[in-house]
Amino acid sequence: MKIRINGKEENLDRPKNLADLIRAKGLVPEHVVVEYNLKIILAGEWAGVALKENDSIEIISFVGGG
Amino acid sequence: MKIRINGKEENLDRPKNLADLIRAKGLVPEHVVVEYNLKIILAGEWAGVALKENDSIEIISFVGGG
Amino acid sequence: MKIRINGKEENLDRPKNLADLIRAKGLVPEHVVVEYNLKIILAGEWAGVALKENDSIEIISFVGGG
Amino acid sequence: MKIRINGKEENLDRPKNLADLIRAKGLVPEHVVVEYNLKIILAGEWAGVALKENDSIEIISFVGGG
Amino acid sequence: MSDDILDIGGRTVANRLFIGTGKFSNYAVMNQALIEAGAEIVTVAVRRVDSASKTENILGYIPKQCFVMPNTSGARNAEEAVRIARLARAGGAGDWVKIEVIQDNKYLLPDNIETLKATEMLAKEGFKVFPYMGPDLSIARRMVDAGAAAVMPLGSPIGSNRGVKTRELIEILVKEIKIPVIVDAGLGRPSDACDCMELGCAAVLVNTAIAIAEDPAGMARAFSEAVKAGRRAYLSGIPATSPCASASSPLTGFLINSA
Amino acid sequence: MSDDILDIGGRTVANRLFIGTGKFSNYAVMNQALIEAGAEIVTVAVRRVDSASKTENILGYIPKQCFVMPNTSGARNAEEAVRIARLARAGGAGDWVKIEVIQDNKYLLPDNIETLKATEMLAKEGFKVFPYMGPDLSIARRMVDAGAAAVMPLGSPIGSNRGVKTRELIEILVKEIKIPVIVDAGLGRPSDACDCMELGCAAVLVNTAIAIAEDPAGMARAFSEAVKAGRRAYLSGIPATSPCASASSPLTGFLINSA
Amino acid sequence: MSDDILDIGGRTVANRLFIGTGKFSNYAVMNQALIEAGAEIVTVAVRRVDSASKTENILGYIPKQCFVMPNTSGARNAEEAVRIARLARAGGAGDWVKIEVIQDNKYLLPDNIETLKATEMLAKEGFKVFPYMGPDLSIARRMVDAGAAAVMPLGSPIGSNRGVKTRELIEILVKEIKIPVIVDAGLGRPSDACDCMELGCAAVLVNTAIAIAEDPAGMARAFSEAVKAGRRAYLSGIPATSPCASASSPLTGFLINSA
Amino acid sequence: MSDDILDIGGRTVANRLFIGTGKFSNYAVMNQALIEAGAEIVTVAVRRVDSASKTENILGYIPKQCFVMPNTSGARNAEEAVRIARLARAGGAGDWVKIEVIQDNKYLLPDNIETLKATEMLAKEGFKVFPYMGPDLSIARRMVDAGAAAVMPLGSPIGSNRGVKTRELIEILVKEIKIPVIVDAGLGRPSDACDCMELGCAAVLVNTAIAIAEDPAGMARAFSEAVKAGRRAYLSGIPATSPCASASSPLTGFLINSA
């Protein structure tokens, strides 16, 4: 299953939904925000969003900035 | 006949067309530009534009400016 | 007896010495400094300096300044 | 014969006077000024000034400057 | 001045030095600087997670008393800015957002038209919008109409430390614009920040000059003091200048006609 | 910075804002301003007593923790300055003296040559001499040789509030002169004072801008904070300026190649 | 430099001083000033005829060698600017037009957004468009895209004679914008104009400083010379500045080790 | 302005740009620059002949119409300056001399006290003395008393091209000193020279900025034009500045209440 994550194409089989994905990437759920096909999905709803071919996902967090 | 000239209402009877009007006002045709109901009319065509009630006319010229 | 005080000539008879003078002028001794004929005289010695014709005396104090 | 020229000691035998010296150094007389033992000597008088041990001579000219 | 509180974006703010969190050598240094300055408003940026490097969470290093304003840096147009603002809010950042829309990579000058568009869109969504902008009066007036919480004109290019090179235009904004004017970008030394406050700006935002100082915590505190000084001077009525001198000591003839 | 003490004229001074006492509307207002600024060094002038008006004694309004430095204002040459300095010391003012020798009544610019002479004479008599002077390197070097405790170059004409118009020359003095450089005269706003301290000046002396402010106490405190800020910035290592921008938020492509 | 010709708006121009015709005490004085400056490009405004006063025609006083560029002053939005431009062209003014769209009566600052719109519209109609604008890089880039013949950023408010207070931003425009940059408004002295040309501006437009000088013809010529000087300096390669001194006379020891 | 002649040092001078001859890449280049500028007054230095290199005579490259003023560069005190002045006069240089007495090798700042001494001595010997000096009013007054032909205050350190950093002090000199004020040193661009002339200076002396330009002849001419422009502006009555705008086009309501 090809999925676009943060602008790069990745080939993923294991993760079935957004919660799986965040876990697989070793990210702390409280520190990231997820945009799924241009729609923001809150952490509580990640488990209910199943991944599918050609999804586009942005995972972002806060960094230093002026 | 009420006509709006340069933003002021005037009551005119004599001038029948734009050429008359400019002459009546004592203006030098080469020094002014006439906008008749938002349309620019060149001097050569003034005589052909008959004035009528509620016309709006702008008569402008060049002045000093930066 | 003519004495020059702070640049102005004054005609004094009563005061016999510097201490008298300061008292007569109603000045607080601790607040002023006295220069007697270009020599600074400390307050403790005022009583011992007798005034005489043509003496030149400066009585100064501190004021606001930058 | 030891002579100080422009701050450097030189050992000269040949030149007998200032005119000789300037000639020996290959300098154009009109382009230089000579100070002999702190006294300025004009070109016309160079031939009359005999060099002697321990003389101090400055030979200067104009250069670019602001 | 103890009750000189800035009422802005639905909040009250006592410390008029806003601090950006970029470019610090590490988060511990940043934390110290924020504490030393007594910062109340700090900005952060939003970026894609780089899963390779498990970097720490910056929010954990921002003191509790600080309120975080995300910026939209990285946006090249209004739509991107809006998208970033929403992501930031979803990330728990509250409803303030500093709009940054930049296409110019050399001077990092803002795009006033796209910034205005983003301001209009986000203000309608209930954000408190702080547009970083070129110091332009006609745009600033439209920002007010669009519902901006403040305008943030630049002093000089971001990170240049060149100071308030747009002073003339900022002074006009302060006089004509009724919402807070916050000078952002380019302030290189505390005296620059002090100068802005003396002019009547509501606040300043500083990042680079603090972050890359030899001693960021010291510099943060210096900026904080300078902002207080400038604000206090503004409130105390700054005297006019005069072309000639005016004696501070009495000029009356000391010793002039004496012996 | 708590141990950043200025060692000057045989004393240690923590507050690098020196304050002049002229031009205040009254002594009570002056007193408040000195307290509010936490002043340690204040200047006074010396004048003939006007026996007609029994004016109060200014010294009674100067807070106890302040050290008083009389100036020689009114002197038109070195001899008069020396005479005034001696009178002031006899009046109990201690051994500091600020030399002011001025013939010019329009711009109140100091006479560097007479000031130098007075400095030489008074230093020999054991005074700690603080010459107010035009910002001239060759004169400043001679002041050092003459035993001055500091040099006090002017920023702009006394009382003009025009700021540091001689910045270029003062910067050179700071770099080349090994005794404290104290900018005196013309500082009109706290940002001016802050700027001087950032340059590396040891202290500043302010009078008019405080005394004639609408709120002198507030302005005194503002200057005091600005001086601290500038000093702290100097100690914290002020970063260089750059002609271009330098991003404070990461520039790496947020959303750039995204959907 | 005799062949240093400015190719602009479909014309070639040798004299880079553009002159505005407002505010002269009378047309004869204006005429003299234009002649004295050797002006090639002059601006005029367009106004309703006041039939009460039979005023003379300004065009009769503009020397034959001058090319006239009308401005759209009085316009408060793009539509009005377009209307004025068309009237001016119908009046025989050629196809150049300087866009002025202003709502602000105090500082007369341009409205960049409406100015941009007017530029787009008029460029499409075949005008050579010279937008007077706030010095903003992102707007200037759009002006280029819109087909402007040049950009005319302001130096300081119209008629203020305050000089180039936006120097930092204008310098950036000159570096980044590929069409001519012409500084317009606020130039108060020939040295201001010279400075702009040294920066690399293509031309300057001056009106008030000439028109209200004691001797307008003299001042017009002075500006003309200064513009030439600045342009020539730009072409001659202006040396960099250095923080220290560099001797112009040889430093090698004259008399140093002499008797 | 054709009869605006500077009467100075017993001569009449039309071109108020004085040019220094140091640092040119070669004498031919210098010659071209002097011709291009139409120079009338040029400075030279005096140095020990280096007999190893038979260098050409600089005087042969100075156009006939120029009058040569030697300087005393290299002198570290008044006595050396006097000695150099006498040597120069013996070398046929006429009776003008620019005094330069410098001990400071980093900033090349003049020693005002030794310069004053040299001025007094040389004026008594019949020289026309032009002292290069720090911009100090009290010293300048003494220069007048000493019989100086002019005063030459510095704009910024020699060769730094930093411009007129002492503007405030020079403006005061121009107002207060009755002999010509000639700004010398540091002028980096024609606009700097123009600015000095607008202030009312009698002339300027430029060397480095011309000599090290890419095209020295072009730059020389640019400076010459700028000096003329500044002088002409001064004579034409420069208008005051104003804080607000003042319309150059009529503000009366064009189209405002029209259909």
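In what follows, every chain begins at residue 1, and chains take the letters A, B, ... in the order their sequences are listed.
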- Message: Donor-acceptor pair, distance only, cut-off 3.5 Å: does the side chain of Arg48(E) make one with the backbone of Asn6(A)?
- Response: yes
- Message: What residues of residues 33-45 of chain E make heavy-atom contacts with chain A at a cutoff under 4.5 angstrom?
- Response: Thr43(E), Val44(E), Ala45(E)
- Query: Counting a contact as any heavy-atom pair under 4.5 Å apart, which residues of residues 148-157 of chain E contact chain A?
  - Reply: none
- Message: Main chain of Val49(E), side chain of Ser61(A): is a donor-acceptor contact present, judged purely on distance under 3.5 Å?
- Response: no
Identify all side-chain donor-acceptor contacts of residues 122-134 of chain E below 3.5 Å with residues at least two apart in sequence or on another chain.
{"residue": "Glu125(E)", "atom": "OE1", "partner": "Arg86(E)", "partner atom": "NE", "Å": "3.2"}
{"residue": "Glu125(E)", "atom": "OE2", "partner": "Arg86(E)", "partner atom": "NE", "Å": "3.2"}
{"residue": "Glu125(E)", "atom": "OE2", "partner": "Arg86(E)", "partner atom": "NH2", "Å": "2.4"}

- Compare every heavy atom of Phe62(A) with every heavy atom of Ala88(E), then report the nearest pair and how far apart it is. O-CZ, 3.4 Å
- Query: Which atoms of Ile59(A) come close to chain E, meaning under 4.5 Å heavy atom to heavy atom: side chain ones, backbone ones, both, or neither?
  - Reply: both
- Item | For the student: nearest non-hydrogen atoms of Asn207(E) and Gly65(A), plus distance | ND2-C, 3.6 Å
- Query: Going by heavy atoms in the side chains, are Glu56(E) and His31(A) under 4.5 Å from each other?
  - Reply: no
- Task: Answer yes or no: is there a side-chain heavy-atom contact under 4.5 Å between Glu30(A) and Asn57(E)?
- Result: no
- Answer whether the closest heavy-atom distance between the side chains of Leu87(E) and Ile60(A) falls below 4.5 Å. yes
- Message: Taking side chain as everything from C-beta outward and backbone as N, CA, C, O, which of these in Val32(A) sits under 4.5 Å from a heavy atom of chain E? Side chain, backbone, both or neither.
- Response: side chain
- Query: So which part of Lys23(E) gets closer than 4.5 Å to some heavy atom of chain A, the side chain, the backbone, both or neither?
  - Reply: neither
- Non-neighbouring partners of Lys106(E) that pass salt bridge (Lys or Arg N to Asp or Glu O under 4.0 Å), sequence neighbours left out: Glu176(G)
